[in-house]
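We number each residue from 1, following the sequence as shown. Atom set for the values below is all heavy atoms of this structure, side chains included, hydrogens, waters and symmetry mates excluded. Whatever order the structure lists ligands and atoms in, that order sets their numbers, starting from 1. Everything quoted here is computed from the prediction, not taken from an experiment.
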Amino acid sequence: MRHDDYLRPIPKTELHCHFVSTMTGARLIQLADRYGVALPTTDPDALFAYDDLADFLVAFRAATDVLRTSDDLAKVAYDGVRADVIGSGLRYREYYVNPQYFAPKGIGYRSLLDPIIDGLSAARDDLGVDFRIVVAINRQEPSAAALELVQTVLANPLDPVVGIGQDDLTPELTEDPGRFADAYALARRHGLHTTAHAGERPVDSPESVRVAMDELHVDRIDHGYRIVDDPQLTAQARDSGIHFATTPWSTTICSGWTIDPQHRIRRMIDAGLSVSFSSDDATFFRTSVGREFREALPLLGLGIEDARRIALAGIDGAFCDDDTKASLRARFTAEIMALDATIAAG
Ligand SMILES: [Zn+2]
C-alpha cells in the first residue's frame, strides 16, 4: 500500500484555518481584477512566493481587500470547503475570521459573519462538512480594540461562533499574547472557548506559550513549537492535555524549518502532546490539510498509526459541543475501520 492511499481519504478535521486563506488563487485574481485591487503580480506562482512572514502578510491583506460583498464572502466560504472535501477527506473545520480587517471597509460584524455562515451552512448541507467559527483578534490593533471586539461578539450571539483566537502579528511583529489578557478574560467569563498563536517562530519564545497557558488560560494553542525548548512547560502541557493546532507546511516559510524527523512538531508528538494538523493559510502557503497529511506527515517520519491518532486528536481539540464531538468520533472511527478493511483486503 502507498501511504497516499491511506493519508488522502483518512477523515480529517482542520482547526487552524484563517478564513480568507480558503480563497483560491484564481478567485483572488478574479476579484482583484473586478475591484481594481493591485496585486504584486497576477502570476499565481509568483503571487504566493514569499521571503518571510511579513511578506506573506502583504498578500494576505490584499486578499481581505477583494472581499467586498455578501456574495463574495458566501462563495469563498462554499468553494473553500468543496476543494478540501474532494482533495482530502475534510469532515469538520474551524475558521478564524478577523472582523477588524473588514470594519474599516464598512463591513460590520454581522455583515461579515452572516454571509460566511450562509456559505458554510450550505456547504455543510451539500458536502457534509460541519464547522464552527473562532473570531480572531487582529494583533495589529491595540488591546482596547480586542476588548471591544469580544464585546461585539457577546452582543451578537451566533450559534456557530464559539471562540476567540488571533490573526496577524503585533505592529512590532511579535506575538505578545499577554497584551490581550483583558479580552481573553472577558471571553472566558462568558463561556467562549479560547486559543492563541504562540511559540511559532525561532524569534518567538517558550515564554509566549507559557503566557497563553498560564495567564490567558486558553483551551488550545495555535503552533506552540517553541514549547519543546522548555521541558518543564512541555511536561505541564502533556499533563493538562492542552491541544496544539500545528501547521507543518507553514513552518518551512515562517520559521525556515525543514520538515524532517527532528522537527519540533515531531518532538511535540514524541513528548506525548495532543497535536493535530492544519494548513493555517492554505492558498497562501500553497498547501491544504490534505497535503499536511500526505506530504508533511511522512517527512516527519510518522506513519499510519500516527495519522489515525492525529486525525482523532483534532476532534479532542475542537471547540464544538460534546454531542457533535461524539458523532464526529463515531463517524471517524467507522471511516477509519472501513479504510483499514479495504487495505487489509487489498
Ligand atoms: Zn495561524
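In this structure, Arg201 and Leu169 have side chains that are in contact, with non-hydrogen atoms separated by less than 4.5 Å. Contact of the Met23 side chain with the Val66 side chain is registered, since non-hydrogen atoms from C-beta on lie closer than 4.5 Å.
Although no hydrogens or angles enter the test, the distance criterion places no donor-acceptor pair under 3.5 Å between the side chain of Glu200 and the main chain of Ser255. Judged by distance alone, the side chain of Asp281 and the main-chain N or O of Phe284 form no donor-acceptor pair under 3.5 Å.
Sorted by chain and number, the protein atoms of type N, O or S within less than 2.8 Å of the Zn ion (ligand 1) are His16 NE2, His18 NE2, His197 NE2, Asp280 OD1.
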Check: residues 130-137 side-chain donor-acceptor pairs under 3.5 Å, at least two apart:
| residue | atom | partner | partner atom | Å |
| --- | --- | --- | --- | --- |
| Asp130 | OD1 | Arg132 | NH1 | 3.3 |
| Arg132 | NH2 | Asp321 | OD1 | 3.0 |
| Arg132 | NH2 | Thr324 | OG1 | 3.2 |

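The environment of CG in Asp159 is sparse: at most 12 heavy-atom neighbours from other residues, nucleotides or ligands sit within 6.0 Å.
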